[in-house]
Amino acid sequence: MSNYVDALLREDSRLAQIFNVEADTLESGSALIEDPFPGLARLREKGSVQKGALGDLLGYPGYHFQHHMAGYPTYSTLSFKATNQGLIRNDLFSSRIYYKLGVVDGFGETILNKGGADHLRYRGPIQPMFSPQAAESWWNDTIIAETVEALIRDIETKGGCDLSLDLCARMPVHVVSAGFGIDPEEIISFRIAITGLLSHNATPQQRGQSMADARSILLKVITDRRSRPREDIISKMIAAPIKDGDGTIRSWTDDEIISHCILIVLAGGGTTWRQLGITIYALLNHPEQLALFMANRDMAGDVILEAARWHPTDLVFPRIVEQDTELEGVMLPKGAMLHLCLGSANRDPARWENPDRFDITRPVQRSLAFGGGPHSCLGQHVSRQEMVVALNAIFDRLPNLRWDPEQPPARLIGDLFARGPSALPVLFG
Ligand code: HEM
């Protein structure tokens with residue numbers, strides 16, 4: 001994997017452009033929100049489910065939320081119970097919404113927008129490739145361990161760095177792309193192409209070019225693996241047939257592999273970058289929790305789950321109401337849009353004591369950071385494995401890790417759709 005490590009460590013000015021929470025937020029047309037949680041708590045006290053789009057209910061001026069659709073009646077869920085129901089009852093609150101939000105136009109049909117048996121037919125064959133066992137063995141032993149080791153070896157001699165860019169961003173995009181067998185030299189170009197597909201400001205021509213770039217990178221891998229299979233996920237997809245609704249058993253088409261590959265690399269790169277950054281931010285800003293973690297080094301898994309509960313990177317997911325339905329006493333009309341606020345659900349005092357406190361010792365209870373129900377995060381075990389290995393490497397190998405006082409303080413920023421640290425400027429040694 002030496003050319004993999006060379007590509008992973010190479011200075012590339014494009015990285016700072018594509019992994020920039022502030023620029024991503026502004027580019028999407030959203031306002032930059034510093035701390036949405038006090039507003040969410042006030043709103044949750046008024047009711048579990050409320051009429052209105054979340055940004056409007058919170059009063060963000062000029063707010064342009066990616067999941068907003070003008071003219072659609074919209075409701076928002078704030079409590080754990082209502083949000084969990086919204087995720088679990090995918091038959092009533094469906095993911096067909098992703099057609100309306102342009103995601104399917106962006107990169108094609110995938111498990112993200114499918115429902116019921118159709119969703120299962122596609123998710124079933126790929127699920128084992130992302131199981132806890134696969135994450136801890138194949139993903140870890142083939143890619144994650146080597147990626148984190150190379151990055152930390154590069155960082156540990158420097159005395160200081162921006163952990164957000166130098167580790168949190170580089171690790172997952174390389175891990176997930178290498179997992180699919182993408183040429184290491186094309187990983188960053190691929191990332192640029194797939195983010196361009198959903199870019200708010202791109203023209204149809206620019207989106208067409210992004211799709212052409214992404215397809216050409218993937219088609220090389222697919223064509224090669226159809227005749228010379230290896231161990232990567234594209235080879236495994238080719239070997240894992242789909243059973244159609246009429247019982248026909250067939251291979252994935254090139255287009256199906258391409259759209260799923262784009263979805264998974266897109267979902268797997270940005271989220272883990274921001275969530276790992278949030279975890280490091282939380283530890284460094286809570287010295288008593290950091291001391292606990294340093295004294296109990298087998299707690300990395302709990303630390304990650306608590307940080308994801310306390311501040312999930314993606315606060316809101318959308319759904320469409322399939323039939324007139326009552327949810328927690330509120331009537332939702334067929335065709336309405338639903339904003340499921342995982343961020344508010346994760347701080348519901350009905351489920352968590354003192355929910356605003358970041359506390360790595362609290363009894364672990366399932367939060368909604370990775371979703372729930374049929375569409376719960378496919379990559380959650382891979383992501384957790386990446387974050388555990390990275391967190392342990394950071395706190396084992398970068399002694400006396402602390403904020404760099406010469407740099408602007410790190411902030412957790414973004415909109416409601418995607419949040420993360422502005423940067424993580426640290427010193428060590
Ligand atoms: C900390 C990191 C991550 C977080 C917080 C996260 C969160 C989520 C959430 C909340 C959903 C549910 C979306 C919905 O219900 O509409 C989801 C779905 C999904 N995630 Fe993740 N994710 C993370 C990492 C990953 C990784 C590493 C991968 C791939 C390797 C991945 C792949 C997916 C896919 C494919 C789906 C769609 C599943 C479906 O519709 O059946 N995610 N994720």
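Atoms within each ligand, like the ligands themselves, are counted from 1 in listed order.
- Look at Ser95 and you'll find every heavy atom at least 4.0 Å from all atoms of ligand 1.
- Under 3.5 Å, the side chains of Thr248 and Asp246 contain a donor-acceptor pair of N or O atoms.
- In the vicinity of Gly371, heavy-atom distances shorter than 4.0 Å reach the ligand 1 atoms 10 (C).
- Atoms of ligand 1 lying under 4.0 Å from at least one heavy atom of Thr272, given by number and element, are 2 (C), 24 (C), 27 (C).
- Ser367 and Arg309 are not linked by any side-chain donor-acceptor pair at a separation below 3.5 angstrom, with hydrogens and angles left out of the test.
- In this structure, His119 is part of the shell of residues with a heavy atom less than 4.0 angstrom from ligand 1.
- Side-chain contact annotation: Asn90 with Ser95, donor-acceptor N/O pair under 3.5 Å present.
- Taking each heavy atom of Arg215 and Asp255 in turn, the nearest pair found is NH1-OD1, 2.8 Å.
- When all heavy atoms of Leu292 and Asn296 are compared, the pair lying nearest together is O-ND2, 2.8 Å.
- Under 4.0 Å from ligand 1, the heavy atoms of Leu263 that appear belong solely to its side chain.
- Regarding atom 15 (O) of ligand 1, its nearest protein heavy-atom neighbour is Arg319 NH2, 2.6 Å.
- Distances shorter than 4.0 angstrom occur between a heavy atom of Leu342 and an atom of ligand 1.
- Ranking the protein heavy atoms by distance from atom 34 (C) of ligand 1 puts Leu378 CB, 3.8 Å first.
- Residue Met387 places a heavy atom under 4.0 Å from ligand 1.
- When hydrogens are left out, the protein atom nearest atom 27 (C) of ligand 1 is Gly268 CA, 3.4 Å; that is the closest non-hydrogen contact.
- At a 4.0 Å cut-off, at least one heavy atom of Ile264 sits close enough to ligand 1 to count as contact.
- What sits closest to atom 23 (C) of ligand 1 on the protein, heavy atoms only, is Thr271 OG1, 3.2 Å.
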Original post:
For His311 and Phe358, what are the C-alpha separation, side-chain angles and deciding distance, and is it a ring pair (Phe, Tyr, Trp, His ring centres under 6.0 Å)?
Top reply: CA-CA 9 Å; His311 197 134; Phe358 171 66; over 10 Å; no
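- Of the candidates Phe370, Phe93, Tyr98, it is Tyr98 that places a heavy atom closest to atom 16 (O) of ligand 1.
- Under a 4.0 Å heavy-atom criterion, Val382 is not in contact with ligand 1.
- With salt bridges taken as basic N to acidic carboxylate O contacts below 4.0 Å, one links Arg226 and Asp254.
- For the 3.5 Å distance criterion, the side chains of Tyr122 and Glu256 qualify, holding a donor opposite an acceptor.
- Shortest contact from atom 39 (C) of ligand 1 to any protein heavy atom: His375 ND1, 3.3 Å.
- Between the side chains of Ser199 and Asn201, no donor-acceptor pair of N or O atoms lies under 3.5 Å.
- Defined by atom type and a distance below 3.5 Å, a donor-acceptor pair is missing between the side-chain atoms of Thr313 and Thr271.
- Looking only at heavy atoms of the protein, atom 20 (N) of ligand 1 is closest to Cys377 SG, 3.3 Å.
- Atoms of ligand 1 lying under 4.0 Å from at least one heavy atom of Val176, given by number and element, are 30 (C).
- Judged by distance alone, the side chains of Ser210 and Asp213 never bring a donor and an acceptor atom under 3.5 Å apart.
- Given atom 37 (C) of ligand 1, the protein heavy atom at minimum distance is Leu112 CD1, 4.0 Å.
- No donor-acceptor contact under 3.5 angstrom links the side chains of Trp352 and Asn346, judged on distance only.
- When only non-hydrogen protein atoms are considered, atom 38 (C) of ligand 1 lies nearest to Arg123 NH1, 3.4 Å.
- Interface of Ala369 with ligand 1, defined as ligand atoms under 4.0 Å from a residue heavy atom, comprises 5 (C), 7 (C), 10 (C).
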